[in-house]
Structure formats: C-alpha cells, structure tokens
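Proteins come first, then strands; the chains are lettered A, B, ... in the order of their sequence lines, and each starts at number 1.
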There are 2 protein chains.
Amino acid sequence: MARPELPLAQLHAFVVLAEELHFGHAAAHLGIAQPPLSQQIRRLEDKVGHALFSREPGRVTLTPAGRELLPAARRALTDLADGLAAARAVGSGQAGRLRIGFAASLALTILPDLLRTFGQRFPGVHLDIREMTTAPQITALHDKAIDIGLLREPPAGEVELGFRTVLSEPFVAVLPATHPLAAGTVQLAQLADSPFVLLPRAAGPQLYDQITGLCTAAGFTPHIVQHAVEWQTVCALVGAGLGVSLAPASIRRIRLKGVAFRRVEPGTARTRVAVAWRKNDQNALVKHLLATVSPNPPDRP
Amino acid sequence: MARPELPLAQLHAFVVLAEELHFGHAAAHLGIAQPPLSQQIRRLEDKVGHALFSREPGRVTLTPAGRELLPAARRALTDLADGLAAARAVGSGQAGRLRIGFAASLALTILPDLLRTFGQRFPGVHLDIREMTTAPQITALHDKAIDIGLLREPPAGEVELGFRTVLSEPFVAVLPATHPLAAGTVQLAQLADSPFVLLPRAAGPQLYDQITGLCTAAGFTPHIVQHAVEWQTVCALVGAGLGVSLAPASIRRIRLKGVAFRRVEPGTARTRVAVAWRKNDQNALVKHLLATVSPNPPDRP
DNA sequence: GCGCGCCATACGCCTAGAGATATCACGTCA
DNA sequence: TGACGTGATATCTCTAGGCGTATGGCGCGC
C-alpha cells in the first residue's frame with residue numbers, strides 16, 4: 001500500500017470546485033473564503049504536478065488530468081464517508097452481525113421472543129443463529145465462532161465466560177401415551193424400572209448430570225437404553241415406545257402423537273436456561289443483546 | 001459531498017496495521033517508530049468513536065468496527081493512488097485521449113504515418129480520429145470538439161489557432177481516361193471548356209478559392225457542374241464522365257478505373273496540408289503530437 | 001524472579017497547511 | 001473609461017498532527 005500523497009481536504013476542495021467550476025461559489029459552498037480555496041487547489045496541483053483546472057477569463061474548466069483525477073477523488077471521499085458511517089454503526093451496535101448458538105429446545109421458548117425484540121430494536125443487525133447443544137456452544141464461545149450462547153445449565157469454572165439465567169423451569173416426565181403412569185402426576189421413583197432415553201452426556205454434561213442426579217436422589221439409577229442429540233428426537237423415541245425420559249418443561253411445546261408430558265414429584269428441581277458470552281467481548285452488539293435479554297444492567301467484569 | 005474527517009495518513013497506518021496485526025512490525029513497515037503509530041491509531045479511533053483494534057496480550061485483532069472500515073479505507077487509498085497516477089500520466093501526455101480531425105484525402109498520405117509514429121511513442125494514448133473537411137475542423141477546434149486538425153489550406157485570421165504546414169504538394173488534373181487531354185501534361189488553360197467537379201466551397205473555402213484562382217490566372221472561370229464533399233467521390237464522378245477536376249497531387253493514390261491524373265502547367269501552385277491546434281491548449285498530448293508531426297519546427301516549401 | 005517482547009503514555013519539537021485579510025491583475029461591459 | 005467580477009498573490013496567524021526519545025505497565029517464558 002503506497003503512502004498517501006494527497007490531503008483529503010484538498011481533494012474535497014477539488015471535487016467541490018469541479019462541481020461548481022467557480023472559485024467564489026465553491027469557496028462559499030465549502031464555507032471558506034476564496035483565497036484559501038485558490039491555495040488548496042494550487043497545492044493539490046503542485047502535488048499532482050499538473051494543472052487540474054484551466055482558468056480562462058470568465059470560465060473555469062477541468063483539464064484532462066483533472067478529469068482523470070475527479071472520479072477517483074469522488075469515490076475515495078464517498079467510500080470513506082460510507083465506511084466511517086458503517087464503522088460507527090457497527091461500533092455503536094446499530095449494525096453488524098451477531099452469531100448466536102442456541103439449544104434446540106429454546107427454539108420453542110425464549111428464542112423467538114429474543115429474535116423479535118432484538119430485531120425490532122436493532123433492525124440493522126443481522127442475527128446469525130445456529131443450533132448447538134451446550135458443550136459445543138462453550139467451545140464455540142472460546143473459539144469466537146459464536147458471540148452469544150443460549151444454553152441449559154451453565155458449567156462452572158468458566159472464568160472467561162459470563163452467564164446469566166434467563167429462564168428456570170421444572171422437569172416433566174416424557175412418557176408414551178400408553179404408559180401406565182401417563183394418567184396423572186408421576187412420582188419420580190415410579191420410573192425406576194422404565195428404560196430411559198436421554199441426550200448424550202457430551203452434549204451437555206451439567207443437564208445430564210442433573211437429570212441422573214434427580215433419579216439417584218429418588219433412589220434409582222436410570223437405565224439408559226438410547227441417546228439422541230435433540231429433544232425432538234428423544235420425544236419421538238419415547239412415542240415409539242423405546243422408553244421414558246425426564247426433560248425441561250418447555251419441551252411440552254413439542255406436540256407429538258403418542259407422547260405424554262406429566263408433572264413429576266418432587267417438583268422442586270429446576271433447570272436453568274442461561275445466556276452466555278465472553279466476558280472480555282467488547283462488541284457492542286453483545287452488550288445490547290444482554291440488555292435486551294434482561295433490561296436490568298448486567299455485571300461488567 | 002461531506003467534509004472529510006479522517007486524515008489519510010491515519011488511514012494508511014490503519015490499513016498497514018490491519019495487515020500486520022503487530023504494532024512494531026507495522027511501524028517498521030511504515031518507516032516510523034512504534035509510539036507514533038500507536039498515536040495514529042488512537043487518533044483515528046477517537047475520530048471514529050470506537051476501537052478499531054482489540055489489543056489483547058500477545059495478539060492484536062480487528063474489532064467488528066475495524067473490519068467494517070478496512071475495505072473502505074483500502075479502496076480509498078488505492079483509488080487515490082491509481083487516480084493520481086492516471087492524472088499524472090494524462091498530465092504528462094503519456095496517456096489520455098486525443099481527438100483528431102482530418103481531411104479524407106490525408107488518410108492516403110500523412111495520417112497513417114502519423115498514427116503509427118505517435119502510437120509507438122505514446123502507447124497509452126487513445127487517438128480518436130474523425131474525418132472532416134477543413135471548415136468543420138476549424139469550427140470543431142473552436143468548440144473543443146477536436147484537439148488537432150489536419151487540413152488543407154489553413155485559413156487566415158485565426159488568432160486563436162496555430163497552424164503548421166506539414167506537406168506541400170502541386171495540383172494535378174483529374175480527367176476521365178477517355179478525355180482527349182489524358183495523354184500527357186495538361187496546360188491549365190486547356191481545361192477552360194471542360195465542366196468541373198469540385199468540393200463545395202463551404203467544405204474548405206481556402207482550397208476552393210485557390211483552385212478557382214488558378215483557373216482565373218489561366219484565363220477562364222471554371223464551369224462547375226457538380227459538387228461532392230470527398231475527393232474520392234469527385235474522382236468517381238470524373239471517372240463517370242461528369243467533368244474534370246483539379247486536385248492535390250496526393251489523391252493520385254486513389255486508384256479508380258477510368259480516371260487519369262496528369263501534371264498541370266504551370267506547376268508552381270502548391271496546396272499545403274497543415275496541422276492545426278488551439279494556441280492556448282495546455283494539453284500535453286497536443287504538444288507531443290506537434291513534436292511528432294515535425295520534430296524540427298520549420299515548414300517545407 | 002527476571003528479562004524480554006509488546007503496546008501505551010508522556011513530553012517536546014517542528015512543519016505543513018488551513019484559515020483570514022488586503023491587494024493586485026485582468027477581463028468584460030455599460 | 002471606470003465599475004465590477006473573478007481569480008491570483010502576499011502575508012500573517014494558528015494549530016493539528018506527525019515524529020522522536022524516554023518511560024511505564026503487563027504478560028510470558030526461561
């Protein structure tokens with residue numbers, strides 16, 4: 001990249017004069033007196049090495065060299081003005097792109113609201129959403145592959161990431177409609193002998209451990225016969241009679257024939273949905289999204 | 001057009017740093033010490049209003065705002081560098097466009113040489129040639145519709161135009177091959193009774209007047225039966241038997257069946273081909289072309 | 001724990017250049 | 001011929017900013 005030789009102010013003066021073709025008017029248009037404009041043009045012509053305007057009595061005209069320079073000058077000025085505006089918009093979080101990872105089940109609950117609300121407040125921002133389970137989201141946040149995570153059961157010990165709970169919900173039992181317990185509220189211990197369908201532990205260790213922990217607390221170890229990476233699939237498998245499951249209440253929105261959702265006792269355990277971000281992320285969009293997700297100010301580490 | 005806010009030097013520093021992503025290296029690349037570079041970037045960030053780089057220990061990265069500004073800055077810089085180079089090339093006459101009007105008959109003599117020679121010396125220059133008779137060339141020069149004229153018999157009293165004779169040639173008689181005089185040299189007076197075919201006076205009053213003047217000097221007034229705007233046509237009409245003509249010798253290059261060219265006596269009269277230009281034209285290409293057309297300034301008789 | 005690499009900060013110097021005012025030179029036109 | 005319009009020149013002021021040296025803070029690796 002070559003060292004720039006032409007001050008922008010002079011190019012600006014040049015462009016305006018090329019439009020007006022009249023020193024006095026151009027100077028007025030620039031908000032300066034006429035002699036300074038003459039100087040600007042002269043300096044520019046000195047740098048270029050050739051006359052850019054031909055001054056004949058009564059009329060000012062562009063020389064061929066001036067005609068050659070004009071479009072480049074114009075483009076440079078508009079490019080810079082546009083680029084500056086764009087950079088400011090992005091910097092202030094009025095525009096740009098935000099990459100959001102989300103757990104599939106959230107597409108049924110908080111995600112649509114979030115997209116709608118944020119989209120209305122920041123119409124210039126492109127939201128790039130991608131479905132991922134919890135563990136990959138954590139990795140992607142570290143790798144800067146996503147800027148925001150929407151996940152269940154934030155892991156502990158993540159010093160570089162911030163988490164804020166945005167939703168807390170109880171668990172429900174997922175049962176085949178034909179299951180004997182599908183009639184009313186389920187005592188957790190009653191599931192002790194049923195085969196279980198669950199997400200693989202790798203997808204979200206915290207939630208997995210929480211679910212198996214609930215079973216343990218109820219006095220049994222779940223017999224897991226099948227893993228599936230999405231709750232949607234888990235429900236389908238349950239509906240097909242492969243087993244039962246324990247899931248966050250919001251998956252009740254998944255309406256599948258032959259699948260029943262039942263409250264469990266004890267119902268105190270809750271799973272938390274959290275928004276996650278890099279604590280050191282300076283991106284204004286991240287701050288805006290955090291503010292959107294819970295208007296009361298976040299903690300700023 | 002908006003007033004430019006960003007000094008080009010800072011944008012240059014920005015672009016280089018965005019390429020190197022290392023203050024020390026970028027500064028070295030720019031040929032300055034590191035602290036000034038830090039200052040440049042800081043000033044630029046102040047003007048933009050947002051950080052353009054994120055300085056984490058060990059690595060420098062572009063922020064989203066920086067990524068937004070970078071292409072605009074790059075484009076502006078290259079646009080200006082290219083535009084400046086182009087303007088200089090045009091200003092120094094190494095590039096650009098030259099509009100040349102020429103009399104049709106010269107396409108047979110000096111024009112090809114001129115195009116070849118000039119084209120070799122200035123390969124970047126586009127020569128825009130257009131056929132025109134003398135009078136329209138004069139008008140076009142005044143109107144700046146052409147930059148150079150190649151014409152016969154430059155008119156007198158043109159204070160704004162310069163002329164230089166580049167060729168001087170005698171007249172020849174143009175006769176039908178069957179004409180009784182087509183056998184040898186023609187005495188001008190012998191044409192007194194033949195009908196004449198000539199260019200219209202408006203196409204080039206000087207040449208027209210010169211030709212009719214020759215006749216007058218030979219003791220007769222030519223009986224003009226037909227006008228034609230091109231010598232090519234005049235020859236064709238002569239060949240068709242409509243009449244005879246007097247023409248500059250170089251039109252002998254027009255080989256048409258049934259047309260004969262004969263020396264005339266007295267053979268002292270000559271018609272001059274001249275190059276014409278606006279005296280106040282600052283275009284370097286015009287100067288170059290004048291130098292090409294006759295490297296040693298005099299006119300030959 | 002110590003040095004080193006990397007970037008920021010703090011001064012100080014100095015020039016380019018942007019601005020103003022006053023004036024001049026040179027057309028044109030009434 | 002004199003007023004006017006237009007652009008160039010001369011001269012002065014002022015300051016933004018570009019550069020340097022010196023120094024400070026902070027991770028990181030040996």
Is Ser38(A) near enough to dA8(D) that one of its side-chain N or O atoms lies under 4.0 angstrom from OP1 or OP2? yes

Indicate whether OP1 or OP2 belonging to dT6(D) is found under 4.0 Å from a side-chain N or O atom of His25(A). no

In whole angstrom, give the distance that lies between atom CZ of Phe53(A) and atom P of dA8(D). 10 Å

Taking the six-membered ring for Trp, are Phe118(B) and His288(B) closer than 6.0 Å centroid to centroid? no

Separation of Ile41(B) atom CD1 from dC7(C) atom P, in whole Å? 11 Å

Rounded to whole Å, CG of Leu30(A) lies from P of dA18(C) at a distance of 12 Å

Nearest whole Å is fine: how far is dC11(C) P from Arg42(B) CZ? 14 Å

Begin with the C-alpha distance, continue with both residues' side-chain angles, and end with the deciding distance and a verdict on salt bridge (charged side-chain N to carboxylate O under 4.0 Å, His left out) for Lys287(B) and Asp281(B). CA-CA 9 Å; Lys287(B) 298 181 175 57; Asp281(B) 197 328; over 6 Å; no

Could you tell me the separation between the CG atom of Leu8(A) and the C1' atom of dA18(C), rounded to a whole number of Å? 14 Å

Starting at atom CD of Glu20(A), determine the distance to atom C1' of dG7(D), rounded to an integer number of angstrom. 15 Å

Taking distance alone, no hydrogens or angles, what donor-acceptor pairs closer than 3.5 Å link side-chain atoms of residues 81-92 of chain B to residues at least two apart or in another chain?
from, atom 1, to, atom 2, distance (Å)
Arg88(B), NE, Val48(A), O, 3.0
Arg88(B), NH2, Glu5(A), OE1, 3.2
Arg88(B), NH2, Lys47(A), O, 2.5
Ser92(B), OG, Arg88(B), O, 3.0
Ser92(B), OG, Ala89(B), O, 3.2

With B for base contact, S for sugar-phosphate-only contact and - for none (protein heavy atoms under 4.0 Å), nucleotides 15-30 of chain D reads --SBBBBB--------

Qualifying ring pair (Phe, Tyr, Trp, His ring centres under 6.0 Å) pairs with a residue from residues 135-165 of chain B, counting only residues at least two apart or across chains: none

For Arg272(B) and Glu153(B), what are the C-alpha separation, side-chain angles and deciding distance, and is it a salt bridge (charged side-chain N to carboxylate O under 4.0 Å, His left out)? CA-CA 5 Å; Arg272(B) 288 168 301 144; Glu153(B) 295 305 317; 3.7 Å; yes

Check ion pair Asp128(A)-Arg99(A) (N to O, under 4.0 angstrom): no

Measure the distance from CG on Leu6(A) to P on dA16(C) and round it to the nearest whole Å. 17 Å

